[in-house]
Number of protein chains: 2
Amino acid sequence: MTSRPFHHGNLRAVLLDQAEQTLRERGIDALSLRELARKAGVSHGAPRSHFVDRQSLLDALAERGFNRLAGEVEAVMASDAANYRQRLRAAAAAYVHFAVTDAALLDLMFTAKNGNPPEGLRAASGRLFAAVGDLIDQSIAAGELEPQDPHRLQLLFAAVMQGIASLVTSGRISAQDGDSLIDDAISLLVRA
Amino acid sequence: MTSRPFHHGNLRAVLLDQAEQTLRERGIDALSLRELARKAGVSHGAPRSHFVDRQSLLDALAERGFNRLAGEVEAVMASDAANYRQRLRAAAAAYVHFAVTDAALLDLMFTAKNGNPPEGLRAASGRLFAAVGDLIDQSIAAGELEPQDPHRLQLLFAAVMQGIASLVTSGRISAQDGDSLIDDAISLLVRA
DNA sequence: ACCTGAACACCGTTCAAGT
DNA sequence: ACCTGAACACCGTTCAAGT
């Protein structure tokens with residue numbers, strides 16, 4: 001039973017899990033296909049069956065990151081918090097928390113890509129921005145935000161969250177300062 | 001005269017210039033010390049005399065990036081634009097322009113560092129944030145911004161610029177949308 | 001369909017040696 | 001002080017071959 005094909009049907013997932021951990025603990029430069037294969041107990045050529053090259057694995061990691069973060073924002077919308085200001089804060093807090101615990105992954109998600117991203121990655125990032133957009137729309141509908149131009153408000157909120165996260169991951173400000181900044185930003189948006 | 005030491009005293013600068021160009025044209029993955037040495041016409045071990053390792057060269061590139069961007073923000077402050085709203089817009093526009101023309105470099109400047117950054121890099125990034133801070137302070141003094149909490153306003157402005165730049169470099173929005181977002185963000189801050 | 005293992009080209013880093 | 005060139009370990013990628 002425990003014969004040769006240690007992984008059957010799930011090597012891809014095993015590689016991604018291990019890669020995510022390595023990314024978190026030692027950064028992107030320490031991420032190599034060969035080491036992942038070694039840790040998974042397969043030959044160095046095995047990953048090729050699931051990822052055509054290293055960039056393909058990085059794209060898959062970014063895709064998982066977007067889906068996870070999108071899921072958290074969607075969870076905020078499904079919560080029973082009546083106050084939309086609280087929802088905006090919760091979504092932004094999730095964003096900053098992600099930036100703190102998975103800085104290298106967030107970098108990867110927002111790194112300048114040379115070519116066009118694969119479809120799965122595009123869809124995943126789209127899901128995140130759609131979730132943020134829905135949250136803004138709902139906040140407007142609840143009268144918490146000015147109805148002005150919803151699309152612009154969505155982008156602005158996304159930019160503020162990404163900017164705060166970026167300052168945190170790059171070590172410019174602490175996670176605590178990041179949370180304070182969220183409050184300031186939301187106060188500004190809500191009041192506007 | 002044109003004997004052996006092709007570069008004497010300026011190999012470091014030659015390597016950095018070439019590296020910056022490669023970074024711009026082919027991204028960070030295409031940046032190798034050996035190729036830089038080849039293009040400079042020196043042996044592959046020569047860069048070692050100026051950069052202890054690859055990360056050290058990347059740090060030097062980031063440092064130059066921060067200094068260049070800081071210089072542009074400082075130039076905005078030294079300009080004769082009487083209107084501080086225009087100054088804020090000009091500073092933010094310079095930031096977005098930098099993001100568009102040197103996306104990979106901006107990524108490098110705000111990448112999560114594993115260890116503590118070297119002193120020169122710290123100083124250069126400090127110079128940028130100090131320049132942004134001064135601009136905000138002057139805008140407050142000119143009555144363009146509410147005096148509230150200057151430090152928070154500085155961070156918020158920095159976060160918004162970095163966030164918009166990040167959305168642009170990652171291809172989420174166009175440079176044009178980035179400029180529109182700047183207007184929206186500044187309107188929000190000025191009105192507040 | 002998935003994995004093995006040899007092969008190739010390239011890289012970062014170290015270091016003794018040259019000038 | 002700066003550069004050369006050999007050496008080492010590691011890597012991404014390709015590909016014929018196995019099961």
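Just so it is clear: chains get the letters A, B, ... in the order the sequence lines come, proteins before strands, and each one is counted from 1.
Out of C:dT4, D:dC3, D:dC11, the shortest distance to the side chain of A:E35 is found at D:dC11. Here D:dG12 is the nucleotide among C:dG5, D:dG12, C:dG12 with the atom lying nearest to any side-chain atom of A:L33. Distances from the side chain of B:R34 to the nucleotides D:dG12, D:dC3, C:dC11 place C:dC11 closest. Considering only side-chain atoms of B:S32, the nucleotide from C:dT4, C:dG12, D:dA6 that sits closest is C:dG12.
B:R38 has its CZ atom 11 Å from the C1' atom of C:dA9, to the nearest Å. Between the P atom of D:dA1 and the CZ atom of B:R12 lies a distance of 17 Å, rounded to the nearest Å.
Under the 6.0 Å cut-off for aromatic ring centres, A:F157 and A:F129 do not qualify, their centroids lying 6.0 Å or more apart.
When each of A:D53 and B:H50 is assigned the nucleotide of DNA chain D with its nearest heavy atom, B:H50 is the one assigned upstream, toward the 5' end.
Between B:S49 and D:dC2 there is no side-chain N or O to OP1 or OP2 distance below 4.0 Å. Within the 4.0 Å cut-off from OP1 or OP2 of C:dT14, at least one side-chain nitrogen or oxygen of B:R48 is found.
Within the 4.5 Å cutoff, the side chain of A:I136 has heavy atoms near those of the A:L88 side chain.
Here B:R54 does not pair with A:D29 in a salt bridge; the nearest charged N to carboxylate O distance is not below 4.0 Å.
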